[in-house]
Amino acid sequence: MSFRLYNTLSGEVEEVRPSAPPEVRMYACGPTVYNRAHIGNFRTFVATDVLRRALTYCGFRVREVMNLTDVDDRIIKLAAEAGQEIGPFTAAHIAAFEADMKALRMERPEIVPKATEHIAEMVELIGKLIARGHTYVADGSVYFRIGSFPDYGKLARLDVSGMKAGARVDTDKYEKEDARDFVLWKLKADEPAWAQWDAPFGKGRPGWHIECSAMGMKYLGDTLDLHAGGVDLIFPHHENEIAQSQCGTGHPFVRHWMHVEHLLVNEETMSKSKGNFFTLPDLVEAGHSPEAVRYLLAQAHYRKQLNFSFEGLDQAKAALERIHGAVRRLGEVETAGPASAAALEAGERAETAFAAALRDDLNAPEAIAAVHGLVTDANQLLAGGALNAAGAGALRERFERMDRVFGVLLPAGEDRLEADLQALFDARQEARRARDFRRADEVRADLERRGIVLEDTPRGTRWRRS
RNA sequence: GGCGGCGUAGCCAAGUGGUCAAGGCGGAGGUCUGCAAAACCUCUAUUCACCGGUUCGACUCCGGUCGCCGCCUCCA
């Protein structure tokens, strides 16, 4: 059950070694629910989804926590402007996020906690840090003193000593002893009462970093097996998580750190501040399927930047159709008899390569290549009439197994033509029977304009949406 | 400035110190088809940014050059 993955902490590809195998306790930094997540955000989420599926496929049992950050500056500000409190304001964004997750065929993590429902855990952790002398108070806010944690900067390989107090523009108005320090508990007197909670050290609300530590440890224990997130979170977010967690518990926080590279647009990072982003609904509205988007995101290697383009999306769609076509045709074979050795061997070969690729630092491109290899083999066997129902079934099962990781390899279920289109379809069949090919071609062209592509096969005419 | 990464065919993209450098998309020709489509067959990088070095041998290791990206600040 070997599974190797790059560990940001060591800078090397390492064996994933959960503390209580076969369970892998993993944490993924989820979204801040103040607007619609864009597909750059989803690149990371899809990559961690592929990881959890790949781990499961390889025999591990995954227990994943993905948080929903539902309290922060932006949320409070936007909610207040909308005249709402946090719950009602974030509910719509959470629903949108979950809809996108579903459309992108993401498995739901076992635990999806909200920050606002874990204030008590955060307060408790901050209390421990206070007791152990890692904090100080300024203007009513509680800060973590970086100087009290010698390993600070290890994950990001940053020479923190170069970060001088006051060296950067401090967007908060708090007075810190050192610019490197970060806030654990914020007191903002000008914020609404619904954004403040009671704590032994005063009214206020949690800083951003503390939620991941508190919720991660609550559900997964002091030491998490795996922690995933976008590369932009390495510093300072994950660095801060490590500092506050380890100083709070005295135990290592995370064994294995996994970071997903950014999605770019025109070679630039896709970000809300740059305005160069697309949401899933944007792409769907432009006529692209969520499945193609997932395929595009999932087939890329997670440690390489991926440049988003519509051409790439089209290529993804074409590749996906090739896979779907082969799987669909496999389901149409009806001849009896035992599965042939050729079919069995092709399936075995493909899945062996597929599994090996995933175990080797989640090499999705190579795993997908194995899928396509099986498509080629299946097509050849199919074209040569060398497949009976048993052989075709064996190959189909391989696709089903591989689809447990990618989630979009199997063609969509039964889809019915709308009544008017069905009438055209029937009319063409009638014309063909009458050998009125002119009429048949006209109808086919008409259907094509309406997004329906026809294929005449020995087993009858098949249609699919373009 | 510091740290990390990348540069492989028209496009996307794996990979290895040593047979012909995965896979997909696109393209060309052919088979099949009433015609198409789909599928199948064949072809589509003597070469892996550039320059040196190590080696019997490098695209893969080392050094340098150029170009690009990310992080060092809220951000997946």
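Every heavy atom of this structure was used, including side-chain atoms; hydrogens, water molecules and symmetry mates were not. In what follows, chains are A, B, ... by sequence order, proteins preceding strands, each numbered from 1.
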### Query
Can the positive tip of A:R303 be found less than 6.0 Å from the middle of the six-membered ring of A:Y6, inside 45° of the ring normal?
yes
### Query
Counting only Watson-Crick or G-U wobble pairs whose two distances fall under 3.5 Å, which nucleotide matches B:A9?
none
### Summary
Paired to B:C43 by Watson-Crick or G-U wobble criteria (both distances under 3.5 Å) is B:G27
## Note on the structure
From CD of A:E321 across to P of B:A38 the rounded distance in Å is 9 Å
#### Entry: From A:H259 atom NE2 to A:C29 atom SG, the distance as rounded to the nearest 0.5 Å
7.5 Å
### Task
Could you grab the distance from atom CZ of A:R43 to atom CZ of A:F308, nearest 0.5 Å is fine?
13.0 Å
### Query
Taking the P atom of each, how far is B:A38 from B:G27, in whole Å?
10 Å
### Message
Between the base of B:C35 and the side chain of A:R444, is one N or O donor paired with an acceptor at under 3.5 angstrom?
### Response
yes
### Query
Any side-chain N or O of A:N363 less than 4.0 Å from the OP1 or OP2 oxygen of B:G15?
yes
### Task
Determine whether any donor atom in the side chain of A:Q315 lies under 3.5 Å from an acceptor atom in the base of B:C11, or the reverse, and answer yes or no.
yes
### Task
Quickly work out the A:E261 CD to B:A13 P distance and round it to whole Å.
13 Å
### G-U wobble or Watson-Crick pairing nucleotide for B:A14 (cut-off 3.5 Å, both distances)
none
#### Entry: Rounded distance (Å) that lies between atom P of B:A38 and atom CZ of A:R462
11 Å
### Message
Could you tell me how far B:A22 sits from B:G5 if I compare only their P atoms? Round to whole Å.
### Response
27 Å
### Query
Mind checking the C1' distance from B:C25 to B:U19? Whole angstroms is fine.
29 Å
### Query
Partner of B:U19 by Watson-Crick or G-U wobble geometry, both contacts under 3.5 Å, or none?
none
### Query
When rounded to the nearest Å, what value does the distance between P atoms of B:G30 and B:C20 take?
31 Å
### Query
Roughly how many Å is it from CE in A:M101 to P in B:A76, rounded to a whole number?
16 Å
### Task
Please determine, for B:C32, whether a Watson-Crick or G-U wobble partner exists with both distances under 3.5 Å, and give it or none.
none
### Query
Between A:R303 and A:R428, who's closer to the 5' end of RNA chain B by nearest nucleotide?
A:R303
### Query
Just how far, in rounded Å, is C1' of B:G70 from CG of A:L264?
9 Å
### Query
Rounded to whole angstrom units, what separation is found between the CZ atom of A:R432 and the P atom of B:C35?
11 Å
### Base-pairing mate for B:C61 - Watson-Crick or G-U, with both contacts under 3.5 Å
B:G53
### Query
Watson-Crick or G-U wobble partner for B:G70, using a 3.5 Å limit on both distances?
B:C3
### Message
B:G24, OP1 or OP2 - any side-chain N/O from A:R322 closer than 4.0 Å?
### Response
yes
### Side-chain donor-acceptor contact under 3.5 Å, A:H238 with A:E241
yes
### Message
Distance check needed: B:C12 P versus A:F308 CZ, whole Å only.
### Response
14 Å
### Task
Using the P atoms only, state how far B:G17 lies from B:A13, rounded to an integer number of Å.
23 Å
### Message
For A:Y57 together with A:F354, are the ring centres under 6.0 Å from each other?
### Response
yes
### P gap between B:A9 and B:C74, integer Å
39 Å
### B:G53 versus B:C59 - spacing of their C1' atoms, nearest Å
16 Å
### Task
Report which part of the nucleic acid A:E311 touches: base, sugar-phosphate, or nothing (heavy-atom distance under 4.0 Å, all strands).
sugar-phosphate
### Task
Go through the N and O atoms of the side chain of A:D232 and the base of B:C74, and report whether any donor-acceptor pair is under 3.5 Å.
no
### Query
Roughly how far apart, to the nearest Å, are B:A58 and B:U16 at atom C1'?
10 Å
### Query
Start at the 5' end of RNA chain B and walk down; is the nucleotide closest to A:Y295 or to A:N307 reached first?
A:N307
### Query
Taking atom OH of A:Y219 and atom NE2 of A:H118, what is their separation to the nearest 0.5 Å?
2.5 Å
### Distance in Å, A:L55 CG paired with A:R52 CZ, rounded so as to fall on 0.5 Å steps
9.0 Å
### Query
Is A:K304 near enough to B:A14 that one of its side-chain N or O atoms lies under 4.0 angstrom from OP1 or OP2?
yes
